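Residue numbers begin at 1 in each chain, while the letters A, B, ... track the order of the sequences. None of the values given here were measured: they were computed from a predicted structure.
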Amino acid sequence: MPAVFILCDANNFYASCERVFDAALTGRPVVVLSNNDGCVVARSNEAKALGIGMGVPLFRVRHIVEAHGVRVFSSNYALYADMSQRIMTVLSEFTPEFEVYSIDEAFLRVSVPTAGTLADLGREIQARVYRHTGVPLSVGIAETKTLAKLANHLAKKSDKARGVLDLTRSPHQDYALECTPVREVWGVGPKYARLLKSRGVENARQLRDVELGWARRALTVVGARVVQELRGVSCLPIETCPPPRKSLTHSRSFGRRVESLAGLREAVASFTVRVAEKLRRHGLAAGALTVFAATSRFSKDEPYYANSATVEMAYPTDATPELLERATVCAERVYRAGCRFKSAGVLLTGLVPASPTTIRMYGDERWQRARRLARAVDEINERFGRGTLRYGIVAAPAAGWGTKFEKRSPRYTTNWDEMVGIA
DNA sequence: TCTGGGGTCCTAGGACCC
DNA sequence: TCTGGGGTCCTAGGACCC
């Protein structure tokens, strides 16, 4: 028998991370909020049981939170990213065919063990990750990535499975697929689900059995691939090394509305600095920069306004000063007087590897200076903390539009001053 | 009052070329 | 009256993912 796919997925990842460092949260409902403390993006099982939905704005469920003493946290990405790395390190010990799929998920590809069962292996993975990190994991095992996803999904829902489900050669595969609404299949979103439902395709078993050509026409090659994968024909390989980035973004909604051009310029400048740091960390240079900004989509008393502006670089660059110059121009083009901006962002595209040996035909010396400056600022900020050195155009942290994180837990694992056991 | 952020891929249609 | 055909590249918009 050939190799199989294993999908490992942390349960309620952000909420579980909060729990690892605060035993008092065990057994209690916990939710974690999106940036700006806007929406619920992670829920413990107890919070789910109270009917708190994924992605709902906090103000809509405030009554539940208050009535049941739900513990609410702002998101703490420094903590989650670090916990994620620890989990991935443990998982990577099981096989070289290993793909980090998201912050809380990884695919493994293994050949069937000669001793023991695949389910045993799943339990071993689960136990080792828990021992090393304290984060509970669900494990789905099957012949394709899509089926492994589905198995994982069922493993989470079923008490009997205790978080591990092996769907390979399972006599219950048809039944498992029948229990899965088509909307829950990986690759089927709300639009496709509606379309499928209108044709009488309501569960994964029915989707598996549709005519392939029809799937191709109705759902594009993506849909046809999903059907094949449900049939056990693997179309999606393990990607052991991440493909190069095609774009990088930094965007935020504001804690308070921005109405002035100066305010927008400052916010855009600070986003540019952040996205440029990311760019250099990836060893890339950008060929174009886009600034976008918008008012609130939900406001009833003002018209919705959203706009974007793009500039192309004469030469790809990774130097913050150059990017700031373009971003400022774009911010001015996007700005509209009288609008109360709620969010903005900076997008870098046309990414190419940044070669340290590239020389420009014109203005090379000035450019090399700008690059050296950017790298020096990176190093200082990395050593002494973000914001130690700031570009003049970037506002001080307390500028008002800054994102809200009013309920953030300590950065237990990445900041000496906030480490566990230090008050 | 209060509604996240960061990505990828696919398709259709237009521009352009020979 | 009759208005080629094939190829490439780019972009915007849509759909999906976590």
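A:Glu18 and A:Arg71 are not joined by a salt bridge, as no carboxylate oxygen comes within less than 4.0 angstrom of a charged side-chain nitrogen. Looking at A:Glu105 and A:Lys149, a side-chain N of the basic residue comes within less than 4.0 Å of a carboxylate O on the acidic one, giving a salt bridge. The existence of a salt bridge linking A:Glu332 and A:Arg265 is confirmed by a sub-4.0 Å separation between a basic side-chain nitrogen and an acidic carboxylate oxygen.
By the 30° and 60° cut-offs, the orientation of the rings of A:Phe254 relative to A:Phe271 is parallel. Below 30°, between 30° and 60°, or above 60°: for A:Tyr101 and A:Trp186 the angle between ring planes is above 60°, a perpendicular geometry.
Taking atom CD of residue A:Glu302 and atom P of nucleotide B:dT1, one finds them 12 Å apart after rounding to whole Å. Rounded to an integer number of Å, the gap from A:Glu229 CD to C:dC17 P is 13 Å. Between A:Asn152 atom CG and C:dC17 atom C1' the separation is 15 Å, expressed in whole Å.
Between the side chains of A:Ser409 and A:Asn76, at least one donor-acceptor pair of N or O atoms lies under 3.5 Å. A:Asn307 and A:Tyr305 share a donor-acceptor pair across their side chains, judged by distance under 3.5 Å alone. Side-chain contact annotation: A:Asn12 with A:Lys48, donor-acceptor N/O pair under 3.5 Å present. Between the side chains of A:Thr317 and A:Glu322, a donor-acceptor pair is found at a separation under 3.5 Å.
Taken together, the paired segments of DNA chain B that extend over three or more consecutive Watson-Crick or G-U pairs, each closer than 3.5 Å at both contacts, are B:5-18 with C:5-18.
The stretch residues 178-207 of chain A has no heavy atom under 4.0 angstrom from DNA chain B at all.
One P atom belongs to C:dC18, the other to B:dT3, and the distance between them is 25 Å to the nearest Å.
For the side-chain hydrogen bond (donor to acceptor under 3.5 Å, both in side chains) test with A:Asn11, the passing option among A:Ser16, A:Ser138, A:Ser44 is A:Ser138; the others fail.
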The contact string for nucleotides 2-12 of chain B, one letter per nucleotide 5' to 3', using protein heavy atoms under 4.0 Å with B, S and - for base, sugar-phosphate only and none, comes out as BBSSSSSSSS-
